[in-house]
Amino acid sequence: MQIIKFGGSSVRDANRMLAVKDIIQTKLIQDPLCLVVVSAMSGTTDLLKMSAEFAVEKKDFSQFINQIKKNHLECIANLELNNPELIYKLNQQIKSLEEKLDSISLLQDLTPKTMDQILSLGEIFSSEILANALQKFSIKAEAINARSIIKTDNNYSCGAVDFQLSNKLIVESFQKEVGVKVITGFIAESAEGNLITLGRGGSDYTASIIGAALDAKVIEIWTDVDGMYTANPAKVNKAFPQVQLTFAEAMELSHFGAKVIYPPSIQPAMIKNIPILIKNSFNPNSIGTEISNIKKESRQAICGISSIEQIALLRLEGSGLVGVSGTASRLFATLATSKINVILITQASSEHTICFAVQPDQAFRAKETVDQEFALEIKSNLINPLVIDRNLSIISIVGENMRTVPGTAGKMFNALGNNGININAIAQGSSEINISAVISQLDEDKALKVLHEEFFFPDHKTVNAFLIGTGLIGEELIKQIKSHSEELATNHAHQIRVIGLANSRKMILQETGINPAELSLDLLNKGNDSNLEEIRKFIADSNLPNSLIVDCTASDEIAGHYQSFLESKISVVTPNKKAQSADFPKYQELQRTAAKRGANFLYETSVGAGLPVISTLKDLIKSGDRITKIEAVLSGTLSFIFNSFDGQKSFSDVVLDAQRAGFTEPDPRDDLNGIDVARKILILARECGATLNLANIEVENLVPEDCRTTSSVTEFFKLLKDSDNYFLEKLSTAQKKNCKLCYIASFSDGQAKVELKEVDANHPFYNLSGSDNIISFSSDRYKVRPLVVKGPGAGAAVTAAGVFADIIRLAGH
Ligand code: ASP
Ligand code: MG
């Protein structure tokens with residue numbers, strides 16, 4: 001004897017019924033008796049329910065009935081059953097259903113008893129059609145209404161099974177039989193002879209009851225997915241079916257949202273220790289999931305992650321709870337009396353609050369009940385009226401291995417925290433097989449993905465990057481991602497997924513990730529018009545873990561959007577200096593938002609390009625050092641100009657050379673005016689805790705006064721010649737003292753300055769060459785000799801490499 005259950009989608013039309021026929025045929029080769037439990041054709045029970053609900057409100061229900069009729073007649077026709085008797089019977093049953101609905105409508109009265117009778121029709125139809133279909137292929141088959149074998153109490157819509165009686169009837173019914181018995185799922189009968197349903201999704205339960213009664217070797221549940229997944233595959237695209245689960249794990253997973261099996265179904269099988277096998281009728285060759293008492297050896301701490309999308313969290317709070325015994329029992333007793341189902345409970349050890357979660361539609365009733373129960377305490381201010389928090393979800397990690405793998409909870413909360421997901425309440429079952437957290441509903445999808453990544457791909461860190469800017473740095477970054485991403489993924493288990501690309505004109509958004517090889521301007525040009533708010537919304541709605549934007553522009557507008565990106569928990573990586581050197585309150589707000597939202601704001605490359613300047617500074621401060629002074633050459637251009645200016649050539653010619661070599665901005669005055677350098681020292685000063693603004697920095701502008709107003713660059717060069725002598729004199733004065741000229745930014749005693757200075761041979765900057773940057777940090781620990789960082793501080797390749805490093809830093813996060 002074999003017991004096989006087919007769900008609604010497995011019998012939803014003629015084609016699916018034929019697929020089921022094929023499966024049954026192969027099963028019959030192994031065993032001549034096949035007990036097949038069927039659900040209603042998918043959607044039918046809902047249509048029946050709606051027709052009844054419409055009828056009682058005197059609304060037109062005919063659309064539902066017509067749909068049901070059409071679905072079933074079409075299925076019969078497509079199966080070419082040519083069975084007038086079957087069609088006649090179906091029409092009769094539908095006719096009497098219509099009469100029943102008419103009278104419900106007339107009396108405006110729908111009893112649970114009538115509702116159950118109506119809901120049962122779907123399984124009656126599907127079992128009869130399937131039995132006929134099998135007969136057509138010369139398979140001995142018979143439709144059986146489970147009323148005759150499954151007995152319950154008189155509780156409509158969720159009958160409690162009388163196992164003693166049902167088991168006896170089941171055993172008696174299937175002795176020495178052969179062929180296929182197509183049994184209605186979901187329906188049963190009370191001792192009084194009333195039709196009773198077993199709860200929505202109850203066909204699984206029917207199969208389990210029958211399988212357990214007959215001591216089957218295995219109970220097969222055929223559905224439309226490959227098994228029980230590690231998470232809801234509709235929400236987590238990397239979810240995969242688990243091959244083996246324990247009964248307890250399956251029970252926990254099914255309670256928290258995995259709709260693959262109706263939770264009560266596990267009980268009868270578990271008691272008899274009969275494995276349940278979940279199989280996919282759309283993909284019969286896949287292994288499926290076996291649920292049994294065998295605990296497979298696995299290095300994974302958990303077997304799945306599930307969630308309840310909508311819950312309300314209620315909080316009972318007050319000094320009257322502390323040390324008073326019996327409050328919790330009064331609370332939960334009164335909730336039980338009002339038939340309010342409590343999903344999760346937590347109590348702080350201060351005993352000051354008790355938190356519990358319920359279905360949102362029961363929240364208000366819960367409040368009424370509880371406030372009434374504690375009316376006296378509330379009146380005397382010992383307890384506050386119950387507080388309701390709505391729009392929350394519960395997310396749970398499930399697994400028996402949790403008991404033995406330490407640190408599971410820590411890992412869960414770390415992963416959530418690192419991705420900016422706030423936790424409202426936490427609960428762990430004492431069985432230690434489930435840890436649940438209450439979070440905002442807006443975070444549910446992201447939390448699922450984050451935890452899935454953390455637990456099932458622990459060595460694999462993915463960042464989801466949206467690239468903005470296709471200038472020199474942006475283009476170089478794309479080149480580096482193209483050539484390195486594969487190596488990164490294989491050797492370092494870090495994956496950079498590019499989920500979008502934009503410049504000031506166009507944007508493309510692709511949640512599934514753009515193949516790096518395809519990243520190009522051509523691709524971008526096919527995109528839509530660029531819009532930062534749309535980009536933000538797209539990234540936020542994608543709910544991907546470790547999501548970030550990479551701003552490779554110098555744009556004020558984009559920097560102005562960082563705040564809203566960070567608010568949306570999207571990290572920002574950028575060489576753009578604008579936001580970090582903006583007005584202090586704005587800067588502070590950005591840093592605070594990043595911290596509050598658990599997002600990262602990384603801008604290593606905004607000072608000294610790829611050189612580790614900011615990270616070095618941060619590490620010094622973090623490790624408890626105190627910075628006493630920063631001195632730095634922070635402009636590659638000015639470094640080059642003063643390193644080349646040795647008196648042989650005039651100053652203006654040196655600047656011209658630099659411009660021709662591509663070392664300056666298009667207008668060299670943008671380098672010479674020192675603003676860029678001032679922004680950089682400002683960024684470093686702020687890292688040290690200074691509350692400075694750009695306006696507080698004394699900047700020596702190297703553009704001579706009379707060169708400042710002309711708009712033409714050619715004219716500027718002409719005018720600059722007039723200052724050649726001035727610069728030459730400065731140089732010779734310095735040279736006479738064996739000194740060199742250096743354009744130095746400094747920060748000490750809370751003050752920042754940018755000025756042209758003489759440095760002697762003992763100064764660490766004396767030997768600076770080419771366009772190198774140099775930064776020296778003096779601190780409590782680096783007192784005698786400063787800590788010096790030196791190297792190329794500009795150029796697309798090194799900047800892009802620095803940006804790349806910041807991105808990877810987020811992956812390792
Ligand atoms: N047809 C019933 C329902 O939709 C029972 C089942 O499919 O398991 O709830
Ligand atoms: Mg179903």
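Predicted model only: the values in this text are computed from it and were never measured. All ligand and atom numbering here is 1-based and tracks the order in the structure.
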What about G201: any of its N or O atoms under 3.5 Å from an N or O on ligand 1? yes
Provide the number and element of each atom of ligand 1 under 4.0 Å from a heavy atom of R200. 3 (C), 4 (O), 9 (O)
K5 N/O under 3.5 Å from ligand 1 N/O: no
Return yes when G122 approaches ligand 1 closer than 4.0 angstrom through a heavy atom, no otherwise. no
Just checking, K59 and F54: is the charged tip under 6.0 Å from the six-membered ring centre and within 45° of the axis? yes
Heteroatom distance test (D204, ligand 1): nitrogen or oxygen, under 3.5 angstrom: no
Short list, please: which atoms of ligand 1 are under 4.0 Å from a heavy atom of S39? 6 (C), 7 (O), 8 (O)
Qualifying residues under side chain to side chain contact (heavy atoms under 4.5 Å, CB included), relative to S51, sequence neighbours excluded: F61, F64, I65, L101
Residues in side chain to side chain contact (heavy atoms under 4.5 Å, CB included) with N66, at least two apart? S62
Aromatic ring proximity F186/Y205, centre distance under 6.0 Å: no
Between E220 and K5, is the closest basic N to carboxylate O distance under 4.0 Å? no
